[in-house]
Amino acid sequence: MGKILFLSDIHGNMPAVRALEKEMQKIQPDDVWFVGDAVGKGPENDKAVDWVRANCKHYVKGNWDDGMCKNYRTREYPDMDFFWKQLGEERIVWLESLPFEGELLVSGLWFRIVHGRPSDRLYQAYDSWEELNQGFKSKVFDRVFNAYICADSHMPYVRASQLGYAINTGSVGNSLGIPRVHALLLEGEIGSSEPAPVKFDILSIPYDNNEAIAIAEQYPELPHLDSYRNELLTGIYSR
């Protein structure tokens, strides 16, 4: 069985990334998907984007990635200047190039890969089946999907309905609920149309939250620093 790691919502938190990286060295995944939102909220967005580019093989764009690029062009929200200065034109262009959706065949199941917003809705663990089932329909691919892997809510989950599996990776750098690093490990027969076993594991990894806060505090110009600090400590959404 092959191993595929799905990770998302880094949000410029490099201590969290380093904790995940140690687990990746143990797991040795065959493939790594980035499911959106390298940037925003946290202090080290340039490093986060560079890490994603160096360590992931496939990518989809998140709402913060998309919004950051659009606002960079329009300068609609001047308080985002902190992030634009860090990222620079070349990284912005790379983020702009990312697709909003991907697809993957594993053990006879077709998986839709989408961040959530802005191309779709925000899928929460507590959504009704009517709400969750919308995720099986793609605006990009003309296919019946057996599962979808999303992010955006910053809370990991695996749910099943009559249509298939609804899965959320959780967040690497800005987890809500439980402030640890979260990611999804999928095991199965990669690229095979034959039905076969498949396994979903939610990784929950401790990291030095206080180190992440200390780094953020080195950047007093970071927008909404107090909210970011509170989210890293409590897992409670502040803004």
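Only this structure's heavy atoms are used, side chains among them; waters, hydrogens and symmetry mates stay out. Numbers here are sequence positions counted from 1.
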Engineer: Can you give me the closest heavy-atom contact between Leu98 and Lys61, atom names plus distance?
Structural biologist: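 Distance-wise, the nearest heavy atoms are O-CE, 3.1 Å.
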Engineer: If you count every heavy atom of other residues, nucleotides or ligands that lies below 6.0 Å from Glu89 atom CD, does the total exceed 12?
Structural biologist: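 Check passes, neighbour count above 12.
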Engineer: Is there a donor-acceptor pair under 3.5 Å between the side chain of Ser8 and the backbone N or O of Gly170?
Structural biologist: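 Present.
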Engineer: Considering residues at least two apart in sequence or located in another chain, which fulfil the side-chain contact (heavy atoms from CB on, under 4.5 Å) criterion with Phe141?
Structural biologist: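 Phe141: side-chain contact (heavy atoms from CB on, under 4.5 Å) contacts with Glu101, Glu103, Ser138, Phe145.
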Engineer: Roughly how far apart are Ile4 CD1 and Ile149 CD1, rounded to 0.5 Å?
Structural biologist: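 It is 7.5 Å, given to the nearest 0.5 Å.
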Engineer: If you apply the rule side chain to side chain contact (heavy atoms under 4.5 Å, CB included), what do you find for Ser238 with Tyr228, and how did you get there?
Structural biologist: CA-CA 7 Å; Ser238 299; Tyr228 180 70; over 6 Å; no
Engineer: In Å, rounded to the nearest 0.5 Å, how long is the span from CG of Asp30 to NZ of Lys3?
Structural biologist: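 Asp30 CG to Lys3 NZ: 7.5 Å, rounded to 0.5 Å.
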Engineer: Return the minimal non-hydrogen interatomic distance between Pro15 and Asp208, and the atom names on each side.
Structural biologist: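 That closest heavy-atom pairing would be CB-O, 4.3 Å.
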Engineer: With a 4.0 Å cut-off, would you call Asp50 and Lys47 a salt bridge?
Structural biologist: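 A salt bridge is absent here (no side-chain N lies under 4.0 Å from a carboxylate O).
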Engineer: For Gly12 versus Pro43, what's the shortest heavy-atom pair and its separation?
Structural biologist: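 In terms of heavy atoms, the two residues are closest at O-CD, 3.4 Å.
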Engineer: Would you list the pairs meeting salt bridge (charged side-chain N to carboxylate O under 4.0 Å, His left out) in which at least one residue belongs to residues 159-173, sequence neighbours left out?
Structural biologist: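 Residue pairs with at least one partner in residues 159-173: there are none.
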Engineer: Linking I/L/V/M/F/W/Y whenever any side-chain heavy atoms sit under 4.5 Å apart, do Met14 and Phe82 land together?
Structural biologist: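 The answer is yes; both residues are in one hydrophobic cluster.
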Engineer: Please confirm whether the backbone N or O of Ala151 pairs with a side-chain atom of Asn168, one donor and one acceptor, at under 3.5 Å?
Structural biologist: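 The answer is yes, because a donor-acceptor pair under 3.5 Å joins these two groups.
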Engineer: Give a yes or no on whether the ring-centroid distance for Tyr59 and Trp94 is below 6.0 angstrom.
Structural biologist: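 Centroid distance Tyr59-Trp94: below 6.0 Å, so yes.
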Engineer: Would you confirm whether Asp81, through its side chain, and Pro78, through its main-chain N or O, come within 3.5 Å as a donor-acceptor pair?
Structural biologist: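 Looks like no, no N/O pair under 3.5 Å.
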Engineer: Applying side chain to side chain contact (heavy atoms under 4.5 Å, CB included), run through Arg121 and Tyr123 and close with a yes or a no.
Structural biologist: CA-CA 6 Å; Arg121 67 185 298 276; Tyr123 294 106; 3.3 Å; yes
Engineer: Using 0.5 Å steps for rounding, measure from the CG atom of Leu122 to the NE2 atom of His154.
Structural biologist: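 Answer for the CG-NE2 pair, Leu122 versus His154, is 9.0 Å.
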Engineer: Are the side chains of Pro179 and Leu232 in contact, using a 4.5 Å heavy-atom criterion?
Structural biologist: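 No, too far: nothing below the 4.5 Å cut-off.
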Engineer: Under 3.5 Å, side-chain donor or acceptor atoms of residues 189-198 against the rest of the protein: list the pairs with distances, not counting sequence neighbours.
Structural biologist:
| from | atom 1 | to | atom 2 | distance (Å) |
| --- | --- | --- | --- | --- |
| Ser192 | OG | Glu194 | N | 3.2 |

Engineer: Should Phe100 and Val140 be regarded as members of a common hydrophobic cluster, given that ILVMFWY residues are connected when their side-chain heavy atoms come within less than 4.5 Å of each other, either directly or indirectly?
Structural biologist: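 In one cluster with Phe100: Val140, no.
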Engineer: Over 60° means perpendicular and under 30° means parallel, so tell me whether Tyr148 and Phe136 are parallel, tilted or perpendicular.
Structural biologist: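 It falls in the perpendicular class, over 60°.
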Engineer: Could you tell me which residues satisfy ring pair (Phe, Tyr, Trp, His ring centres under 6.0 Å) with Phe200, sequence neighbours excluded, listed by chain and number?
Structural biologist: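 Scan of Phe200 (ring pair (Phe, Tyr, Trp, His ring centres under 6.0 Å), adjacent residues dropped) gives Tyr165.
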Engineer: Quick check for you: to the nearest 0.5 Å, what is the distance between Trp64 atom CH2 and Arg117 atom CZ?
Structural biologist: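 With rounding to 0.5 Å, CH2 (Trp64) is 10.0 Å from CZ (Arg117).
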Engineer: Can you tell if the side chain of Val181 reaches within under 4.5 Å of the side chain of Leu203, non-hydrogen atoms only?
Structural biologist: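 No, too far: nothing below the 4.5 Å cut-off.
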Engineer: Is Glu23 salt-bridged to Lys26, going by a charged N under 4.0 Å from an acidic O?
Structural biologist: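 Yes, this pair counts.
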Engineer: Decide yes or no for Phe6 and Val32: does some side-chain heavy atom of the first lie under 4.5 Å from some side-chain heavy atom of the second?
Structural biologist: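 The answer is no, as the side chains (C-beta and beyond) never meet within the 4.5 Å cut-off.
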Engineer: Nearest 0.5 Å, what's the CZ-SG distance between Arg112 and Cys150?
Structural biologist: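 So the CZ of Arg112 and the SG of Cys150 are separated by 9.0 Å.
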Engineer: Are the side chains of Asn174 and Asn13 in touch, meaning some heavy atoms are under 4.5 Å apart?
Structural biologist: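 No, too far: nothing below the 4.5 Å cut-off.
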Engineer: Can you list the other members of the hydrophobic cluster that holds Ile236, where links are side-chain heavy atoms under 4.5 angstrom apart?
Structural biologist: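 Answer for Ile236: none, a lone residue.
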Engineer: Is the shortest heavy-atom distance from the side chain of Asp66 to the side chain of Leu95 under 4.5 Å?
Structural biologist: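 Not in contact.
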Engineer: Can you get from Ile10 to Tyr207 by hopping between Ile, Leu, Val, Met, Phe, Trp and Tyr side chains that sit under 4.5 Å apart?
Structural biologist: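 As far as the 4.5 Å side-chain criterion goes, Tyr207 and Ile10 are connected within one cluster.
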Engineer: Is there side-chain contact between Ser161 and Leu132, with heavy atoms separated by less than 4.5 Å?
Structural biologist: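 Counting from C-beta outward, Ser161 and Leu132 never come under 4.5 Å.
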Engineer: Mind checking side-chain contact (heavy atoms from CB on, under 4.5 Å) for Met155 and listing every partner two or more places apart, or none if nothing turns up?
Structural biologist: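 By the side-chain contact (heavy atoms from CB on, under 4.5 Å) rule, Met155 matches Ser153, Leu176.
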Engineer: Between His115 and Asp9, does a side chain to side chain contact (heavy atoms under 4.5 Å, CB included) hold up when you go through it step by step?
Structural biologist: CA-CA 9 Å; His115 181 78; Asp9 294 285; 3.4 Å; yes
Engineer: Over all heavy atoms of both residues, which pair between Lys139 and Ser119 is shortest? Give the atoms and the distance, please.
Structural biologist: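 Shortest heavy-atom contact: NZ-O, 2.9 Å.
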Engineer: Do Arg75 and Tyr72 form a cation-pi contact, if we require the NZ or CZ to be under 6.0 Å from the six-membered ring centre and within 45 degrees of the ring's axis?
Structural biologist: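 Ring-cation test returns yes.
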Engineer: Hydrophobic cluster membership, with links at side-chain heavy-atom distances under 4.5 Å among I/L/V/M/F/W/Y: are Val114 and Leu5 in one?
Structural biologist: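 Different clusters: Val114 never reaches Leu5 through Ile, Leu, Val, Met, Phe, Trp or Tyr contacts under 4.5 Å.
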Engineer: Once rounded to the nearest 0.5 Å, what's the spacing between atom CE of Met68 and atom CG of Asp37?
Structural biologist: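 CG of Asp37 is found 9.0 Å from CE of Met68.
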Engineer: If you take all heavy atoms of Val49 and Ala38, which pair is closest and at what distance?
Structural biologist: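 Closest heavy-atom pair between Val49 and Ala38: CG2-CB, 4.1 Å.
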Engineer: Under a 4.5 Å cut-off applied to non-hydrogen side-chain atoms, are Leu163 and Trp129 in contact?
Structural biologist: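 Of all side-chain heavy-atom pairs linking Trp129 with Leu163, none is under 4.5 Å.
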Engineer: Would you say His182 and Ser171 make side-chain contact, with heavy atoms under 4.5 Å?
Structural biologist: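 SC-SC contact between His182 and Ser171 ruled out.
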Engineer: Examine Leu186 and Met24 and state if one hydrophobic cluster contains both, with Ile, Leu, Val, Met, Phe, Trp and Tyr joined whenever side-chain heavy atoms are less than 4.5 Å apart.
Structural biologist: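 No, because Leu186 and Met24 fall into different hydrophobic clusters, even though each may have its own neighbours under 4.5 Å.
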Engineer: If you count every heavy atom of other residues, nucleotides or ligands that lies below 6.0 Å from Tyr219 atom OH, does the total exceed 12?
Structural biologist: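 Counting neighbours around OH of Tyr219, more than 12 heavy atoms of other residues, nucleotides or ligands fall under 6.0 Å, so yes.
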Engineer: What's the verdict on side chain to side chain contact (heavy atoms under 4.5 Å, CB included) for Trp33 and Thr169, showing C-alpha distance, side-chain angles and the deciding distance?
Structural biologist: CA-CA 11 Å; Trp33 279 73; Thr169 65; over 6 Å; no
Engineer: Do the side chains of Glu211 and Arg18 get close enough for a salt bridge, i.e. N-O under 4.0 angstrom?
Structural biologist: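 A salt bridge is present here (some side-chain N lies under 4.0 Å from a carboxylate O).
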Engineer: What heavy-atom pair brings Cys56 and Trp51 nearest, and what distance separates the two atoms?
Structural biologist: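 Of all heavy-atom pairs spanning Cys56 and Trp51, the closest is SG-CZ3, 4.3 Å.
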Engineer: Does atom CD1 (Ile178) have a neighbourhood of more than 12 heavy atoms from anything else shown, all under 6.0 Å?
Structural biologist: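 At most 12 heavy atoms, drawn from other residues, nucleotides or ligands, come within 6.0 Å of this atom.
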Engineer: Is there a donor-acceptor pair under 3.5 Å between the side chain of Asn45 and the backbone N or O of Gly40?
Structural biologist: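 Judged by distance alone, yes, a pair lies under 3.5 Å.
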Engineer: Thinking salt bridges, do Lys70 and Glu76 make one under a 4.0 Å N-O criterion?
Structural biologist: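 Salt bridge flag = no for Glu76 with Lys70.
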